[in-house]
Amino acid sequence: MTLPIFRADDDPGPSFLEVLRRTGLEPNWGELPRDLAPHEVTHGTTVVALKFADGVVMAGDRRATSGNLISHRTMEKVFPADRHSGVAIAGAAGPAIEMVKLFQLQLEHYEKVEGNELSIEGKANQLAQMVRGHLPAALQGFVVVPLFAGYDLRRGTGRLFEYDVTGGRYEESEFAATGSGSLHAGTVIKMSYRPDLGRDEAVDLAISALFHAADEDAATGGPDLVRGIYPVVATITAEGFRRLPDSEVGDRFRALVERMSQPGSTTTTGTTPTMPGGSPR
Amino acid sequence: MSMPFYVAPEQWMKDKADFARKGIARGRALAALMYEDGILICAENSSATLRKISEIYDRIAFAGAGKYNEYDRLRIAGVRHADLKGYAFSREDVDAQSLANAYAQMLGDVFTHEAKPMEVEILVAEVGDEPSDDRLFHILYDGTVVDEHGFTVLGGEADTISARLKESYTAGRSLVEAVRTAVAALAGPERTLEPKDLEVAVLSRRNGRRAFRRLTDEELAEALRGGEVEATGRPGVPPAEATAPEAGPAGEEPGGEGTGAEGTEG
């Protein structure tokens with residue numbers, strides 16, 4: 001590899017994507033085939049993020065599906081973007097993982113070249129541009145929809161951003177969910193959300209949201225107590241991005257299941273549905 | 001029609017070398033030392049923003065002496081080289097040696113073919129898992145690469161400072177001792193250097209994925225007083241927290257194996 005030196009009037013600046021473009025290494029998703037059958041494309045499913053008192057919790061289930069098949073049980077969908085931010089993905093897995101990798105590199109490259117980190121707005125906008133750049137592939141069925149969350153060191157608060165397939169960037173003040181189970185997960189969070197949630201409460205709420213999403217959506221994986229596979233849960237606070245150990249997530253799931261198995265639990269899981277107009281007694 | 005004067009190649013090269021050396025000698029010096037946890041780079045630099053020492057990659061740092069705009073351009077090229085290589089292959093495949101060779105080729109080409117040689121001397125440092133894997137590549141204005149052991153000095157008065165370090169340097173020192181040794185050598189017997197006159201950074205193997213870390217003025221003052229300085233983690237962030245986030249979900253680093261392994265299918 002030769003040293004990538006550019007003329008001063010032709011310099012790619014602090015953007016790693018621009019360097020990739022100049023060196024011909026940029027991934028070209030525009031050449032993806034059209035009309036692949038559902039089982040030929042692997043999809044990642046449900047991820048959620050919610051703000052709490054000290055920052056943001058992000059969580060994602062571990063299932064990847066290809067059509068009606070489970071293609072992976074241990075996929076990761078929540079990643080650190082840099083020290084104080086994280087990114088979670090749903091959608092076509094191949095492009096999504098590549099987008100995360102490029103986003104991570106883009107942030108670190110900028111920091112090294114410029115000597116300063118991007119602001120959190122700057123990071124959120126970078127991701128929006130990447131999603132926008134992916135639109136041609138999205139139109140061919142390879143949709144990627146990320147969530148971006150971080151701790152804003154300048155303002156001293158957690159920040160949360162949601163995207164749409166056109167690169168639209170929407171800052172959320174409470175919580176966000178994306179992927180196939182997002183409707184159910186989002187509703188569960190909505191029912192119990194408070195802005196002053198503590199760290200443990202917020203983690204439990206995210207776990208509960210993924211549990212219920214898995215309960216209703218076939219493409220979302222629940223906790224796998226047999227294999228010991230649990231959703232990825234991470235907190236982003238002033239101390240940075242920290243992934244929770246599997247042991248903690250497992251304990252919290254077991255506690256949740258315990259609570260739900262109690263007689264009188266509000267959950268519908270495992271109880272006989274009540275028919276409208278009076279159930280047989 | 002005018003005829004160009006004939007200049008013997010020996011003279012032409014010597015003139016260029018003298019020109020480059022003069023430019024480099026005008027800049028203030030920097031010293032790099034191996035210590036117990038990695039490599040310490042210590043530069044005399046009164047600017048808090050125009051850096052001589054920078055991070056290139058997870059375990060690689062760069063330092064330049066001489067003309068700022070020239071070595072800064074080399075620094076950015078190095079960051080690009082490393083990031084491209086890490087992206088195309090894997091993070092583990094990025095090493096100081098190939099970067100040092102790329103720099104040497106480029107500096108050699110410029111020295112031979114261009115009218116003006118670059119007035120810079122650069123250092124590519126890499127911290128390994130063990131002290132024996134630490135590397136210091138000192139690259140001169142004409143592309144000469146020197147694989148240094150223990151310590152090296154770049155910039156003006158390099159010979160004098162080197163001679164002082166030869167007296168005072170021993171391997172396997174603590175960070176505080178290494179800082180004091182380096183600063184004393186840079187200052188010489190007649191001067192004392194304050195933290196504000198210095199730019200100090202380490203590549204520490206105890207620092208997690210990104211080994212590079214600058215020392216703050218407070219830490220530097222503490223070290224010069226002989227106090228305890230850790231220099232792990234990030235300034236303002238407790239060490240344990242600071243190294244953890246980089247580890248990321250797949251137990252690895254952003255952009256590397258970790259995201260890729262599950263990734264292609266996931």
In terms of side-chain geometry, is the basic nitrogen of [X] or [Y] positioned less than 4.0 Å from the acidic oxygen of its partner?
| X | Y | answer |
| --- | --- | --- |
| E26(A) | R21(A) | yes |
| D11(A) | R80(B) | yes |
| R59(B) | D129(B) | yes |
| E248(A) | R199(A) | yes |

Using non-hydrogen atoms and a 4.5 Å limit, figure out which bit of [X] sits close to chain B: side chain, backbone, both or neither.
| X | answer |
| --- | --- |
| T23(A) | side chain |
| P95(A) | neither |
| L102(A) | side chain |
| F103(A) | neither |

Inset, instruction - Give the member of R73(B), R51(B), Q105(B) that has the highest number of heavy-atom pairs under 4.5 Å with chain A. - result: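 With the most close heavy-atom pairs to chain A, the winner is R73(B).
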Inset, instruction - Measure from NZ or CZ of K52(B) to the centre of the six-membered ring of Y71(B) and say whether it is under 6.0 Å with the direction within 45° of the ring axis. - result: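 No, cation not above the ring by the 6.0 Å, 45° rule.
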Inset, instruction - Sort L99(B) into side chain, backbone, both or neither according to what part of it lies under 4.5 angstrom from a heavy atom of chain A. - result: side chain
Inset, instruction - Sort L84(B) into side chain, backbone, both or neither according to what part of it lies under 4.5 angstrom from a heavy atom of chain A. - result: both
Inset, instruction - Please determine which of T45(A), T46(A), V232(A) meets the side-chain contact (heavy atoms from CB on, under 4.5 Å) test together with K77(A). - result: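 By the side-chain contact (heavy atoms from CB on, under 4.5 Å) criterion, K77(A) pairs with just one of T45(A), T46(A), V232(A): T45(A).
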